[in-house]
Amino acid sequence: MTNGNNANSNDLLNVYMYIQLQHKLDWDKAFVAYSFDGVLAIGLLIICTCAYMRHIPKLREWLLTEKKGLMGVLYKASIIGTRLHWMVSLSCIAMSLYILILK
């Protein structure tokens, strides 16, 4: 009876190790925010989202009225997104091509 339990525990250990290996491999390929290109992509997403929220009146009143602190950063991102919209859109296209083709 102990041999059967021992075999089951070895099988469970092998399955656990396989899952851990797969999980590690998936995270190695993931889009990491700690890399420079990850920070750029997250910054572009924040700018695009805030610029979009600026065009919705209820969200503009609720989120983008404060000009200091964390909400001030969102306000400034919305200003950048609306004033430099053609540069932001070209940057988004370049970043998407980089992520899809080169990375």
Side-chain angles (χ1 to χ4, degrees):
M1 186 149 197
T2 42
N3 288 339
N5 288 339
N6 211 3
N8 286 339
S9 65
N10 284 339
D11 290 340
L12 288 175
L13 182 63
N14 289 337
V15 169
Y16 177 75
M17 295 296 282
Y18 177 76
I19 290 172
Q20 289 295 326
L21 180 64
Q22 289 298 325
H23 184 69
K24 182 181 183 307
L25 292 176
D26 290 342
W27 280 107
D28 288 343
K29 297 176 186 175
F31 184 68
V32 180
Y34 297 113
S35 64
F36 183 68
D37 55 346
V39 171
L40 286 177
I42 289 173
L44 283 172
L45 287 172
I46 289 172
I47 289 172
C48 293
T49 303
C50 291
Y52 178 76
M53 289 188 324
R54 188 169 174 80
H55 294 290
I56 301 172
K58 295 256 183 198
L59 288 176
R60 184 178 184 175
E61 292 172 8
W62 187 52
L63 290 173
L64 302 175
T65 55
E66 188 67 34
K67 295 182 181 178
K68 292 183 180 178
L70 179 64
M71 299 304 274
V73 172
L74 298 179
Y75 171 78
K76 291 171 186 166
S78 70
I79 296 295
I80 290 170
T82 53
R83 291 186 184 169
L84 301 174
H85 62 279
W86 63 274
M87 291 174 68
V88 172
S89 63
L90 288 178
S91 300
C92 287
I93 291 170
M95 183 57 76
S96 66
L97 291 175
Y98 170 75
I99 289 172
L100 290 174
I101 295 172
L102 297 177
K103 193 167 183 180

Quick one: do [X] and [Y] end up in the same hydrophobic cluster if we chain Ile, Leu, Val, Met, Phe, Trp and Tyr together by side-chain heavy atoms under 4.5 Å apart?
X     : Y     : value
Ile80 : Val73 : no
Leu59 : Met71 : yes
Leu97 : Ile99 : yes

Enumerate, atom names and distances included, each donor-acceptor pair closer than 3.5 Å involving a side-chain atom of residues 81-96, sequence neighbours excluded.
{"unit_1": "Thr82", "atom_1": "OG1", "unit_2": "Ser78", "atom_2": "O", "d": "3.0"}
{"unit_1": "Thr82", "atom_1": "OG1", "unit_2": "Ile79", "atom_2": "O", "d": "3.1"}
{"unit_1": "His85", "atom_1": "ND1", "unit_2": "Thr82", "atom_2": "O", "d": "3.3"}
{"unit_1": "Ser89", "atom_1": "OG", "unit_2": "His85", "atom_2": "O", "d": "3.2"}
{"unit_1": "Ser89", "atom_1": "OG", "unit_2": "Trp86", "atom_2": "O", "d": "2.9"}
{"unit_1": "Ser91", "atom_1": "OG", "unit_2": "Met87", "atom_2": "O", "d": "2.8"}
{"unit_1": "Ser96", "atom_1": "OG", "unit_2": "Cys92", "atom_2": "O", "d": "3.3"}
{"unit_1": "Ser96", "atom_1": "OG", "unit_2": "Ile93", "atom_2": "O", "d": "2.8"}

Least distance between heavy atoms, Lys67 atom then Tyr75 atom:
CE-OH, 3.4 Å

Distance-only donor-acceptor hits, side chain of residues 49-58, under 3.5 Å, sequence neighbours excluded:
{"unit_1": "Thr49", "atom_1": "OG1", "unit_2": "Leu45", "atom_2": "O", "d": "2.7"}

